[in-house]
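Treat the numbers as computed from the prediction; the structure is a model and nothing was measured.
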Amino acid sequence: MIRVNKLVKRFGLKTILRGLDIQVEPGEFVGLLGPNGAGKTTFLRILSSLARPNLGSVEVAGYQLPQQAAQVRSRLGVLSHQPLLYPNLSGEENLTFFGRLYNVANLGSRIAEVFELVGLAGRERDLVRTYSRGMQQRLAIGRATLHNPDVLLLDEPYTGLDQDASEMLDDVLKKVTREGRTVVMTSHDLARAQDLCSRFDVLSRGKIVATTSRDGLARDGLLAFYRAAISQPAEATHGA
Amino acid sequence: MGLKAISRDGQPVQTSFLRSMWAVVWKDTTAEFRSRELLSAMLVFSLLVVLIFNFALELNARERQEVTAGVIWVTIAFAGTLGLNRSMAVEKDGNCLDGLLLAPVDRAAIYFGKVISNLLFMLIVMVIILPIYSILYNQNLFVPGLLGTIVLGIIGYVVSGTLLASMSVQTRTRDVLLPILHLPVALPVVIAAVRASAYFLQGQPMDLIWPSINLLIGYNVIFTAAAYMLFDFVVQE
């Protein structure tokens with residue numbers, strides 16, 4: 001579903017991604033872990049066609065980036081720590097707007113379905129600025145999945161959420177990913193990542209330095225794997 | 001850009017240009033008519049400019065006629081900059097611009113949607129300000145040629161301003177950068193519009209007015225074409 005070869009991204013003289021290689025199979029839920037500044041967000045921005053690579057090849061859902069960006073965008077849902085919603089529009093108006101941009105068929109009934117899915121039924125007509133942070137993030141999941149994308153990219157979706165809101169987001173994410181979507185999520189919350197993801201890749205200094213499946217994790221779990229991975233960034237280690 | 005993308009199953013994946021453009025206009029107008037953040041700021045600013053000039057310049061009838069075009073275009077230029085800045089800042093504040101750019105639409109449709117919304121807001125402000133100006137300065141502004149010039153000038157101002165606002169909004173100094181970038185670029189519009197407006201008010205023959213009108217039309221065509229080609233690059237990281 002996602003194939004990236006020797007991806008290089010530079011901002012001026014600074015190289016953020018240094019020949020990154022990764023493959024994600026359909027239906028996988030990949031947790032992309034790494035310290036601050038490792039290039040996780042930059043990588044997701046390239047996958048979502050918001051940034052262009054300097055070198056290397058990127059293929060999402062069978063389409064090449066940046067050449068076939070429109071095709072990729074139509075199959076992609078993106079959720080970041082910012083909800084990307086308009087505060088002066090109601091929840092329903094926000095989804096109507098994005099539904100029009102994505103040319104969603106039977107928009108009215110799809111919006112009702114999405115509000116039900118994210119647990120916001122009854123709050124459709126309230127302005128988004130009156131929603132709590134957790135509710136905004138749940139509506140943002142609705143925005144990201146409104147057009148039934150094949151691939152979901154989640155960039156630190158738990159940032160700024162309290163415990164209750166995070167648990168609600170967990171439930172919504174589990175529901176959304178049960179539908180067989182391919183998901184790539186960046187997170188600093190290893191416990192949450194361990195709970196949700198089927199595979200873990202560690203990105204450090206612009207490269208994937210370690211990868212393992214959930215089954216391949218040793219008894220001491222994801223934290224030990226992550227620490228080992230970022231302490232030896234030069235060589236990749238493969239847990240499974 | 002501009003080409004309709006087709007997926008492997010033969011279905012178009014890009015939402016039609018007009019549909020996406022009107023979606024942006026609908027979103028902007030719905031949000032603005034509810035919050036009135038942009039309209040009220042532009043309106044108050046325009047009123048203040050008109051009032052200040054009215055009290056600062058004690059003019060007789062002939063002098064009023066001479067300064068009218070200048071005062072109107074100073075009002076349009078500064079209120080317009082205020083509105084253009086705010087219109088793009090709304091997109092940047094919650095990173096909503098990323099949400100727009102992630103949609104499978106021709107990015108030029110987003111640009112033209114923003115242009116139409118901005119144009120609409122500026123015209124609303126002018127519809128309110130011009131009668132007030134007319135009363136305060138005892139000057140008849142309801143001259144068809146003058147109104148046409150105002151519309152043409154505002155189109156030029158918004159077309160170039162929206163493009164530059166989408167550049168400046170991505171910088172940390174966006175509030176000060178837009179006027180610095182835009183006013184020199186919009187100078188041909190302002191000069192031609194002031195000249196044509198003054199001539200219309202003075203009842204000069206069309207031979208004298210056409211060069212300014214042609215300049216306005218030329219500017220609008222060139223900047224519309226340039227923005228259509230450049231907007232995708234301007235918003236691309």
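Residue B:E32: no heavy atom, backbone or side chain, is found under 4.5 Å from chain A. Proximity to chain B involves both the backbone and the side chain of A:E93, based on heavy atoms less than 4.5 angstrom apart. Only the backbone of A:L85 comes within contact range of chain B, with at least one heavy atom under 4.5 Å from a heavy atom of that chain.
Of the listed residues B:D98, B:L101, B:T30, B:V24, the one with more heavy-atom pairs under 4.5 angstrom with chain A than any other is B:D98. No other option in B:L100, B:L97, B:D93, B:L102 has as many heavy-atom pairs under 4.5 Å with chain A as B:L102.
By the neighbour-count criterion of 12 heavy atoms within 6.0 Å, atom NZ of A:K174 is densely surrounded, having more than that number from other residues, nucleotides or ligands. Within 6.0 Å of CD on A:E25 lie more than 12 heavy atoms contributed by other residues, nucleotides or ligands. With a 6.0 Å radius and a threshold of 12 heavy atoms from other residues, nucleotides or ligands, B:W26 has its CH2 atom above the threshold. In A:R133, the CZ atom is crowded: over 12 heavy atoms of neighbouring residues, nucleotides or ligands sit closer than 6.0 Å.
Seen from the ring of A:F11, A:K9 counts as a face-on cation partner, given the 6.0 Å and 45° thresholds.
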